[in-house]
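Residue numbering restarts at 1 for every chain, and letters A, B, ... go by the order of the sequence lines.
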Amino acid sequence: MTNNNTSNDVLLDFDLLSRLVVGIGEVSDMTSIPRRKIRYWEEKGIIQSEKDAEGSTRRYNYINIKKVLLIKELLEDGYTLDAAAQKVELRMKSMNETFRQLAKFIDKDLPTNDQKE
DNA sequence: GTTCTCACA
DNA sequence: TGTGAGAA
């Protein structure tokens with residue numbers, strides 16, 4: 001039971017998750033949440049999606065997939081939809097702030113700066 | 001398969 | 001807070 005997750009999972013996540021953009025069917029199947037309900041949450045502004053190239057169908061990135069999962073778990077814990085949405089928003093906010101400060105930190109300390117566009 | 005809207009509980 | 005149904 002020892003946790004030997006180190007950098008492997010992170011490396012996997014970066015590449016995989018950035019390409020993980022799926023349709024509502026996949027999200028619905030993965031999360032066992034009805035498509036109708038996912039659209040309903042989006043209508044309430046709790047999650048957001050981009051349209052595909054044709055502009056007809058919804059596409060969800062991993063951030064919003066995580067949001068869906070989080071909302072689902074919070075609802076199962078008895079939260080109202082609004083309360084769950086607030087909790088998710090707070091989590092996203094604090095995570096963004098934390099990572100932004102971490103990025104600032106390593107930016108300052110990284111000596112190699114030979115990258116060009 | 002997806003979209004939307006209107007109605008209904 | 002969702003669902004059903006019909007139409008595109």
| query | Contact class for A:Asp82 (heavy atom, under 4.0 Å): base, sugar-phosphate, or nothing? | reply | sugar-phosphate
| query | Do side-chain atoms of A:Lys72 reach the backbone of A:Thr31 as a donor and acceptor pair under 3.5 angstrom? | reply | yes
| request: Can you tell me the distance, in whole Å, between the NZ atom of A:Lys44 and the P atom of C:dT1? | output: 6 Å
| said: Taking the minimum atom-to-atom distance to the side chain of A:Leu81, which one of B:dT3, C:dT3, C:dG2 wins? | reply: C:dG2
| task | For A:Tyr60 and B:dT2, give me the distance from atom OH to atom C1', rounded to whole Å. | result | 11 Å
| message | In whole Å, I'd like the distance from the CZ atom of A:Arg35 to the C1' atom of C:dT1. | response | 20 Å
Protein N or O to nucleotides 4-7 of chain C N or O, pairs below 3.5 Å:
{"from": "C:dG4", "atom 1": "O6", "to": "A:Arg36", "atom 2": "NE", "distance (Å)": "3.3"}
{"from": "C:dG4", "atom 1": "O6", "to": "A:Arg36", "atom 2": "NH2", "distance (Å)": "2.2"}

| field | A:Arg58 vs B:dT2: side-chain N/O to OP1/OP2 distance below 4.0 Å | value | no
| query | Among A:Arg39, A:Gln48, A:Glu50, which residue meets the side chain to side chain contact (heavy atoms under 4.5 Å, CB included) test with A:Arg58? | reply | A:Arg39
| message | Considering every strand and a 4.0 Å limit on heavy-atom distances, what is the contact class for A:Arg39: base, sugar-phosphate, or nothing? | response | base
| Between A:Glu43 (CD) and B:dT5 (P), how many Å, whole number? | 8 Å
| query | A:Gly23 near the nucleic acid: base, sugar-phosphate alone, or nothing, with a heavy-atom cut-off under 4.0 Å? | reply | nothing
| field | From B:dT3, C:dT3, C:dT1, nucleotide with atom closest to A:Tyr40 side chain | value | C:dT1
| note | A:Arg59 atom CZ is separated from B:dG1 atom P, nearest whole Å, by 15 Å
| Heavy-atom donor-acceptor pair, A:Asp82 side chain to A:Ala85 backbone, under 3.5 Å | no
| said: Can you measure A:Ile46 atom CD1 to C:dG2 atom C1' for me and round it to whole angstrom units? | reply: 12 Å
| said: If you count heavy atoms of other groups shown closer than 6.0 angstrom to CD of A:Glu89, is the number above 12? | reply: no
| Using a cut-off of less than 4.0 Å, is there contact between a side-chain N or O of A:Trp41 and OP1 or OP2 of C:dT1? | no
| Less than 4.5 Å apart, any side-chain heavy atom of A:Val22 and any of A:Val27? | yes
| message | For A:Ser56, is there any backbone N or O sitting under 3.5 Å from a side-chain donor or acceptor partner on A:Asp52? | response | yes
| field | For atom CD1 of A:Ile33 and atom P of C:dT3, their distance in whole Å | value | 10 Å
| query | For A:Tyr79, which of A:Val88, A:Ile71, A:Leu74 qualifies under side chain to side chain contact (heavy atoms under 4.5 Å, CB included)? | reply | A:Leu74
| Separation of A:Lys37 atom NZ from B:dA9 atom P, in whole Å? | 19 Å
